[in-house]
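In what follows, residues are counted from 1 in the order of the sequence shown.
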Amino acid sequence: MIFALTAGAWEVRRGDEHPFIHVPLADVDDYTSGKVHMMIMEAMTAYVDEIRADAVHATGIFDPTLGIEPVTKYTPCIDGYAAGPGPNNTYGCRNLDLYSFTPHGDLGSKVKVGNDIWGWAHTLSDGVTREFGLVGQMDGTAFVEVLPTGQIAYLGRLPTQTETSIWRDIKVIGHYAYIGSKAPGHGIQVFDLTKLLDASLLEDPKEFSIETDLTSLYDGLPAGSSHNVVAHEEKNLLVAVGSVPRLSACAAGLIFIDVSDPENPVTAGCAAEDGYVHDAQCLTYYGPDEKYNGTDVCYSFNEDTFTIYDISDLSSPTVISATFYHGVSYSHQGWVFDEKNQSYLLLNDEYDEVFTRGWATDQKTTTYMWDIMDLSRPVLTGYYKSPAVAIDHNLYIQDGLVYESNYRSGLRVVDASSIADDPTGAGFFEAAFFDVHPEDDAIGGEAQFGGAWSTYPYFKSGYILTNTLERGLFVVKLNKTE
């Protein structure tokens, strides 16, 4: 432990409360074998089964949003709440207004459980930009257009390639969507998003065919499944991660897919050295570590480590560093603070709140700060703690704001603009929030699954899309930040 002399007394500096003491949640063999990951998957599956059982018991049919009406008009956040029509449709909020809410059933899903979200924008010849949401669901992907008013138009859907799965992941390179799933044999669907420009879809949504409407289907994964897909847009490179089995040649690590020709995706290599990769961000490196400037790297979240790869040679990638950290339970996902100056990265751990570990002993969502100025020696510099109790899931960063999808506490927007001046996280603060899961508000929140899965915050219009497990798609927008 390191101490600093302040105001005549020794005080513990934030970020120095045991950041280098590594006491993992489980034995290394339990991570390597997949036992820890299976525990998380079983907990998520049990939650989805529970909401399905509750709905069927109460109504005789499964619909977790039964009785919750769509929100089809601008609904401002007033005095801490955005109130939609009907019961169970009022959401706690601050500095985020609700523009629309659409249940999964209204987006064509029969299973009515959601997961990932991504976006695509297209500028027409007249200079008008149209914005589209790609909404992951257990049984496929729904396509919507975000209208200038913030409402959405449902355009159609692409069914799952094989069976349903709680896990589906979507990324975009150019005007193609790449859709993977943990469903066995699914592969990666390649879909040309310009099909969504067809004006007739606004009046007559289409169920696209997995036989005739795909540009291609990548079938080079060991068992056809993937946990996530990662896009290195600058290099027309797609990376599949978590593609089990773990004992395959690629060890469920990074699998590189050249999509320069979307009609013919080609396997370009894989990185098996540090085993299973849960999620990653792959970029051309620009930053203070001169040795790597201009090379390609992947920042990866490998269950019990934060791992950085040099992927400049896709046929022979190397691990630059693999770093344990204080409180590690399940290194889940993260994002660099600035892609043009890769000095800092924020990481979320999916199970530290559940097991009250490290800085998350009070179960309030904890985000980890990393100094990555030396890629070979990342330094854990501190943490940010949300005021709300919840598990964190995915986070993305835009213009100094961190958009965190924190399951039952919903979308949390954190101002992290102070990170260069103080990388301990002490200057971070919650700038806005929108709670998509009001059911646990009366008890102060729960560190359990449910609520917000992921958020897409990159539209120039300012509209933010949050996809949820039980309810559906929310479109919100910042009205101010503090």
Side-chain angles (χ1 to χ4, degrees), residues 30-45 47-48 113-118 134 136-138 140-141 160-171 177-189 218-232 237-257 267 270-272 274-282 298-307 309 329-335 347-351 391-396 405 407 449 453-454 467 469:
D30 291 334
Y31 286 102
T32 303
S33 68
K35 183 177 179 180
V36 175
H37 187 214
M38 185 58 66
M39 177 175 61
I40 296 173
M41 291 176 62
E42 288 174 350
M44 177 65 78
T45 300
Y47 172 70
V48 171
V113 173
N115 41 60
D116 195 35
I117 184 79
W118 207 249
L134 319 178
Q137 298 166 327
M138 276 187 69
T141 305
T160 184
Q161 195 68 25
T162 52
E163 60 191 64
T164 63
S165 173
I166 296 170
W167 293 272
R168 189 170 308 280
D169 204 64
I170 309 160
K171 293 297 183 295
Y178 297 87
I179 306 167
S181 172
K182 287 191 79 72
H186 185 279
I188 297 175
Q189 298 169 312
Y218 175 75
D219 61 359
L221 301 176
S225 67
S226 58
H227 191 83
N228 283 297
V229 291
V230 178
H232 186 351
L237 179 68
L238 192 75
V239 185
V241 302
S243 295
V244 294
R246 292 172 183 247
L247 296 179
S248 67
C250 293
L254 305 168
I255 298 178
F256 307 118
I257 307 162
T267 304
C270 70
D274 195 41
Y276 182 95
V277 176
H278 190 81
D279 208 340
Q281 184 183 19
C282 299
C298 285
Y299 302 100
S300 300
F301 310 95
N302 292 12
E303 302 188 299
D304 62 345
T305 62
F306 165 40
T307 301
Y309 299 81
S329 299
Y330 198 83
S331 175
H332 177 265
Q333 186 261 355
W335 214 248
L347 175 150
N348 57 60
D349 186 302
E350 193 171 16
Y351 247 36
I391 307 171
D392 37 9
H393 197 226
N394 292 319
L395 66 83
Y396 297 101
S405 299
Y407 279 126
F449 293 124
W453 183 284
S454 200
N467 195 17
L469 272 153

At what distance, to the nearest 0.5 angstrom, does [atom1] of [X] lie from [atom2] of [Y]?
X: Lys35; Y: Met38; atom1: NZ; atom2: CE; value: 12.0 Å
X: Asp169; Y: Asn115; atom1: CG; atom2: CG; value: 8.0 Å
X: Ser226; Y: Leu221; atom1: OG; atom2: CG; value: 5.5 Å
X: Ser225; Y: Ile188; atom1: OG; atom2: CD1; value: 10.0 Å
X: Tyr396; Y: Asn394; atom1: OH; atom2: CG; value: 4.5 Å
X: Asn467; Y: Ile170; atom1: CG; atom2: CD1; value: 8.0 Å

Practice item. Apply side chain to side chain contact (heavy atoms under 4.5 Å, CB included) to the pair Trp453 and Val113, showing each step before the final yes or no. Key: CA-CA 11 Å; Trp453 183 284; Val113 173; over 6 Å; no
Practice item. Only one of Asp349, Asn348, Asp279 passes side chain to side chain donor-acceptor pair (under 3.5 Å) with Gln333; say which it is. Key: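 Between Gln333 and the candidates, side chain to side chain donor-acceptor pair (under 3.5 Å) is satisfied uniquely by Asn348.
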To check you understand the geometry: which heavy-atom pair defines the closest contact between [X] and [Y], and what is its length?
X: Tyr31; Y: Glu303; answer: O-OE1, 3.3 Å
X: Lys171; Y: Asp116; answer: NZ-OD2, 4.3 Å
X: Ser181; Y: Ser165; answer: OG-CB, 3.4 Å
X: Ser300; Y: Val277; answer: CB-CG1, 3.9 Å
X: Val244; Y: Pro222; answer: O-CB, 3.8 Å
X: Trp335; Y: Phe301; answer: N-CZ, 4.4 Å

Describe, in one word, how the ring planes of [X] and [Y] are oriented to each other, choosing from parallel (under 30°), tilted (30 to 60°) and perpendicular (over 60°).
X: His332; Y: His278; answer: tilted
X: Trp167; Y: His227; answer: tilted
X: Tyr276; Y: His37; answer: tilted

Check your understanding: Would you say the side-chain atoms of Tyr218 and Thr267 include a donor-acceptor pair closer than 3.5 Å?
Key -> yes
Check your understanding: Between the side chains of Arg168 and Thr160, does any donor sit under 3.5 Å from an acceptor?
Key ->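 Yes, a side-chain donor-acceptor pair sits under 3.5 Å.
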Point to revise | Residues Tyr178, Trp118; criterion ring pair (Phe, Tyr, Trp, His ring centres under 6.0 Å); working and verdict | key: CA-CA 10 Å; Tyr178 297 87; Trp118 207 249; over 10 Å; no
Review point. Does the pair Val239 and Ile255 meet the rule for a side chain to side chain contact (heavy atoms under 4.5 Å, CB included), with working shown?
Key: CA-CA 5 Å; Val239 185; Ile255 298 178; 5.8 Å; no
**Study point:** Minimum side-chain heavy-atom gap Ile391-Glu350 below 4.5 Å
**Key:** yes
Point to revise | Flag side-chain contact, heavy atom, 4.5 Å: Ser33 against Arg246 | key: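 Heavy-atom side-chain distance check fails, nothing below 4.5 Å.
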Check your understanding: Is His186 reaching over with its side chain to a backbone N or O of Gln161, donor-acceptor style, under 3.5 angstrom?
Key ->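 Confirmed, His186 side chain pairs with Gln161 backbone.
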Practice item. Verify, without hydrogens or angle tests, whether Ser405 (side chain) and His393 (backbone) share a donor-acceptor contact under 3.5 angstrom. Key: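 No.
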